[in-house]
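Working notes, beginning with the structure itself.
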Amino acid sequence: MIRLKNQAMAIILATQDKKELEVLWLKYLGKKGELTSLIKEIPKLDQIKRKEIGMLANDVKRAIEETIDSQKLKAEDQRLKTKEFLDVTMPGKQPPLGHLHLISQAIEEITRIFERIGFKKVTYPEVEWDWYAFTGLNMPQNHPARDEWETFFVENLSHPKYGQTVLTPHTSSGQLREMERVGRPPIKMLNIAKCYRRQSDISHAPMFYQFEGLVIDQGINITNLKGTLDYFAKEYFGRERKTRIRPFHFQFTEPSFEVDVTCLVCAGKGCRACKQGWMELGGAGMVHSVVLKNGGIDPKKFTGFAFGWGVERVLMMKYGIPDIRLLFSGNLRFLNQF
Ligand code: DAH
């Protein structure tokens with residue numbers, strides 16, 4: 001029995017492996033274990049021996065059990081000390097903080113600029129009837145001007161009065177909706193929305209954002225338009241910026257203009273990035289009387305101006321971003337700069 005004890009202790013002390021320790025426990029103390037077998041023999045002994053060997057057996061059993069347990073504890077200690085040791089005083093790992101996408105930031109900034117002078121931000125449907133996107137804006141069916149808006153059509157969905165369904169190709173579709181909503185001027189709308197066109201290159205994406213201003217009241221004239229454009233250019237691009245308006249043609253405005261801002265690179269002197277010191281911002285004009293009528297507003301009493309520009313376009317101009325596709329790439333090395 002003593003020999004068994006010594007042999008067992010030597011083997012147990014040589015390992016800290018949990019599985020091996022389980023096997024050793026079975027080897028000695030299991031149902032068919034070596035010590036168990038010896039203990040089973042005890043009743044066969046005479047009374048005096050039985051007592052003596054019985055006590056010894058208990059001792060050996062306890063010694064084997066305790067050694068196995070302490071080896072297991074040592075193993076656990078070792079495990080904690082090495083790889084899985086948890087130091088509760090260590091500072092936690094900060095999850096990386098994100099921020100609004102560059103386009104969302106620009107939308108917020110543009111909204112704030114116009115809200116300061118009383119524009120009300122609205123949102124209108126991205127999936128729109130032909131009437132609001134074209135016909136109601138003085139662009140009848142088959143009018144060649146429509147080619148400019150390379151439109152996505154939604155199949156098999158047309159309205160007897162409002163015509164085909166389109167993915168709205170510009171925020172101007174909000175003009176008639178706003179006139180219908182407000183009913184009677186004054187109107188001071190800022191409509192910022194997703195627009196869709198079948199184009200994709202360094203300055204066009206099939207989905208992009210526009211912001212559209214519409215002001216209608218008594219006595220609104222071109223100087224109000226020019227003042228608003230100047231205000232926006234100075235607030236958004238910087239105090240030194242100036243704007244100019246050039247004659248242009250749109251079906252829904254008369255007269256129509258294209259708006260330029262002094263070049264951000266050369267400050268108006270003329271360089272490779274601009275056209276003789278000017279950069280094109282987008283379209284604007286005085287709301288066409290047909291459009292006012294279509295919106296239920298009397299063009300003899302009220303006049304208005306409108307403008308519609310690309311959010312990405314002004315953003316790219318402001319930061320000198322060369323390719324619109326960068327904005328939609330999800331590339332964090334680019335986006336984290338802003
Ligand atoms: N809707 C035009 C476009 O997408 C831009 C535009 C031009 C909007 C003149 C206007 C405007 O409100 O008056 O190209």
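This chain uses plain numbering: 1 for the first residue, then up along the sequence. One-based numbering, in listed order, for ligands and for the atoms of each. Computed from a predicted structure; not experimentally measured.
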(message) Any non-hydrogen side-chain atom of Glu312 less than 4.5 Å from a side-chain atom of Ile103?
(response) yes
(request) With heavy atoms under 4.0 Å as the rule, classify the contact between Ala306 and ligand 1 as side chain, backbone, both or neither. (result) both
(message) Is the shortest side-chain heavy-atom distance between Ile187 and Val215 below 4.5 Å?
(response) no
(request) Determine the interplanar angle of the Tyr231 and Phe114 rings, folded into 0 to 90°, and report it as parallel if under 30°, tilted if 30 to 60°, perpendicular if over 60°. (result) perpendicular
(message) Using 30° and 60° as the class boundaries, would you call the ring planes of Phe305 and Phe307 parallel, tilted or perpendicular?
(response) parallel
(request) List every atom of ligand 1 that sits less than 4.0 Å from any heavy atom of Phe250, numbering the atoms from 1 in the order shown and giving each element. (result) 7 (C), 9 (C)
(message) Quick check on contacts: which atoms of ligand 1 are under 4.0 angstrom from a heavy atom of Gly285?
(response) 13 (O)
(request) For atom 12 (O) of ligand 1, state which one of His249, Arg197, Glu212 supplies the nearest heavy atom. (result) Glu212
(request) Taking the six-membered ring for Trp and the single ring otherwise, decide whether the centroids of Phe328 and His101 are under 6.0 Å apart. (result) no
(request) Using non-hydrogen atoms of the residue, decide whether Gly282 is closer than 4.0 angstrom to ligand 1. (result) no
(message) Which of the numbered atoms in ligand 1 are under 4.0 angstrom from any heavy atom belonging to Gln210?
(response) 3 (C), 4 (O)
(request) Any chance you could lay out the salt bridge (charged side-chain N to carboxylate O under 4.0 Å, His left out) test for Glu108 and Arg112, step after step, and finish with the verdict? (result) CA-CA 6 Å; Glu108 282 200 353; Arg112 257 179 272 122; 3.6 Å; yes
(message) As an exercise, identify every atom of ligand 1 less than 4.0 angstrom from a heavy atom of Gln175.
(response) 12 (O)
(request) Identify the heavy atoms of Trp309 and Gly283 that sit nearest to each other, and give their distance. (result) NE1-O, 3.0 Å
(request) Determine, using heavy atoms of Trp149 and all atoms of ligand 1, whether some pair is separated by less than 4.0 Å. (result) yes
(request) Please state which part of Phe307 comes within less than 4.0 Å of ligand 1, counting heavy atoms only: side chain, backbone, both or neither. (result) backbone
(request) Hey, can you tell me if Phe338 and Phe334 have their rings parallel, tilted or perpendicular (30° and 60° cut-offs)? (result) perpendicular
(request) Using a 4.0 Å heavy-atom threshold (strictly under), name the region of Glu148 that reaches ligand 1: side chain, backbone, both or neither. (result) neither
(request) Of the side chain and backbone of Phe252, name the one, both, or neither that has a heavy atom under 4.0 Å from an atom of ligand 1. (result) side chain
(message) Can you report which non-hydrogen protein atom sits closest to atom 8 (C) of ligand 1, along with the distance?
(response) Gly308 N, 3.3 Å
